[in-house]
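Some notes on the structure that comes next.
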Amino acid sequence: MRGAIGRNAGGQITGCLVGGNPYKQRALPNDPSLRRGASREAQLCQLSVEAGTARKQMADALLVIPARLASTRLPAKPLADLCGRPMIVHVLERATKAAVGPVVVATDSEEIVAAVGKAGGRAVMTRGDHPSGSDRVHEAADLIDPERRMKIVINVQGDMPSVEPGAIAAALRPLLDASVDIATTAAEIRDPAARDNPNFVKVVGSPVAAGRLRALYFTRASAPWGEGPLFHHFGLYAFRREALDRFVVLPPSPLELREKLEQLRTREAGMRIDVAIVERAPPEVNTPEDLDWVRASMRA
């Protein structure tokens, strides 16, 4: 990676990222963007165009993992031990394996900076008064990239230590559509008990392509009603830089406050969110019981 970027002994970023990454993404033969009845030459041309767009998109993407020590239900959550390593390091490694851009942890804690640096990662200190992870991600992106060379900022929540790298990469794909402001991810709910569990946030959306929805609403209720799948939305967001700028200056919206879901702010403001459907949603660690469950699953 090119650029005038430095790192102190603790792993904290001291410079600015000014280049992209060399990773490339190959379009798959069953890409849903292919049109039925098109000639083989036309199909290959379509794949070439989209693959080129995806490669350029990834070169412009920055992954930020927000992490703070203050948590009422699980204090010092990012530093919780999982199989001998802090949870934040597991998230960092999985985000890096997604190979879609440089990865940085945004935090208000020197302890987290030290843990990330010890693992060979990069971290940047942010203010301690942010109301949400997205606000912390926004500050970090501006600190790391003041020249705004990175056109996409991906928010990877720091409490998903088993998030699949492929799910992170999938979050970028809806942004190939220029009309999409923000992209996110969801997985079909297969556990009947989760359908009525308010801790499993559901996304209600209209299909726009194979494996992709246009989000209409997010809710803790069991929705939509009737026969058919429900989709569990989880915390991956790929923002166009301008969309992130707009999001953090919007006031909390009425539905956001009622459902306690900040993504509803974007819908009430008329911003478009599309959803990439992936195979499974990672468990989020919010309580000591969640932590015990993830520990057991990692040891299995």
Side-chain angles (χ1 to χ4, degrees), residues 25 27-28 31-33 50 54 57-58 61-66 90-101 103 132-134 137 152-177 179-191 194-195 197 199-220 223-224 228-240 243-244 247 259 261-267 271-286 294:
Q25 176 172 319
L28 299 177
D31 194 302
S33 62
E50 292 202 0
Q57 186 184 68
M58 286 190 292
L62 171 68
L63 289 82
V64 183
I65 307 169
H90 287 271
V91 181
L92 173 69
E93 290 178 350
R94 287 174 175 267
T96 302
K97 287 179 181 178
V100 297
V103 182
S132 74
S134 296
V137 166
I152 296 170
V153 179
I154 305 174
N155 178 348
V156 182
Q157 290 189 8
D159 57 5
M160 301 188 300
S162 58
V163 63
E164 294 288 345
I168 298 172
L172 275 172
R173 292 192 62 80
L175 293 182
L176 291 172
D177 183 338
S179 65
V180 177
D181 298 304
I182 305 166
T184 188
T185 46
E188 183 176 345
I189 295 175
R190 295 183 172 87
D191 178 3
R195 296 172 72 93
N197 187 334
N199 293 319
F200 285 76
V201 176
K202 291 83 177 177
V203 58
V204 179
S206 295
V208 292
R212 178 178 148 207
L213 304 175
R214 178 175 181 177
L216 302 175
Y217 192 66
F218 297 88
T219 182
R220 297 182 182 278
L230 300 186
F231 293 98
H232 174 201
H233 174 246
F234 60 97
L236 282 173
Y237 296 94
F239 290 88
R240 295 193 194 279
L244 181 58
F247 175 80
E259 292 257 20
L261 297 173
E262 69 175 20
Q263 58 268 45
L264 286 172
R265 190 186 318 174
T266 65
R267 295 302 304 122
M271 301 173 75
R272 176 168 172 174
I273 304 183
D274 276 22
V275 185
I277 303 302
V278 299
E279 182 63 25
R280 72 179 189 94
E284 298 179 12
V285 177
N286 294 305
V294 171

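Owing to the predicted nature of the structure, the values given are computational and were not obtained by experimental measurement.
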When rounded to the nearest 0.5 angstrom, what is the spacing between [atom1] in [X] and [atom2] in [Y]?
| X | Y | atom1 | atom2 | result |
| --- | --- | --- | --- | --- |
| Arg240 | Met271 | CZ | CE | 10.5 Å |
| Arg190 | Glu279 | CZ | CD | 5.0 Å |
| Asp191 | Asn197 | CG | CG | 8.5 Å |
| Phe234 | Thr184 | CZ | OG1 | 7.5 Å |
| Leu172 | Ile154 | CG | CD1 | 4.0 Å |
| Arg173 | Arg212 | CZ | CZ | 10.0 Å |

Under the 6.0 Å and 45° cation-pi test, does Arg267 pair with Tyr217?
no
For the side chain of [X] and the backbone of [Y], is there at least one donor-acceptor N/O pair under 3.5 Å apart?
| X | Y | answer |
| --- | --- | --- |
| Asp181 | Arg272 | yes |
| Arg94 | Val163 | yes |
| Glu164 | Pro282 | no |
| Arg220 | Glu259 | yes |

Residue pair [X] / [Y]: nearest heavy atoms and the distance that separates them:
| X | Y | answer |
| --- | --- | --- |
| Ala238 | Ala171 | CB-O, 3.7 Å |
| Pro66 | Gly133 | CB-O, 3.9 Å |
| Ala98 | Pro165 | CB-O, 3.4 Å |
| Ala281 | His232 | CB-ND1, 3.4 Å |
| Ile65 | Gly158 | CG2-CA, 3.7 Å |
| Ala95 | Ile168 | CA-CD1, 3.7 Å |

Side chains of [X] and [Y]: closer than 4.5 Å at any heavy-atom pair?
| X | Y | answer |
| --- | --- | --- |
| Lys202 | Ile189 | yes |
| Leu230 | Pro224 | yes |
| Val275 | Phe231 | no |
| Val203 | Gln263 | no |
| Ile277 | Glu188 | no |
| Leu261 | His233 | no |
| Ile273 | Phe218 | yes |

Does one side chain, of Ser134 or Glu262, offer a donor that lies under 3.5 Å from an acceptor on the other?
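Yes.
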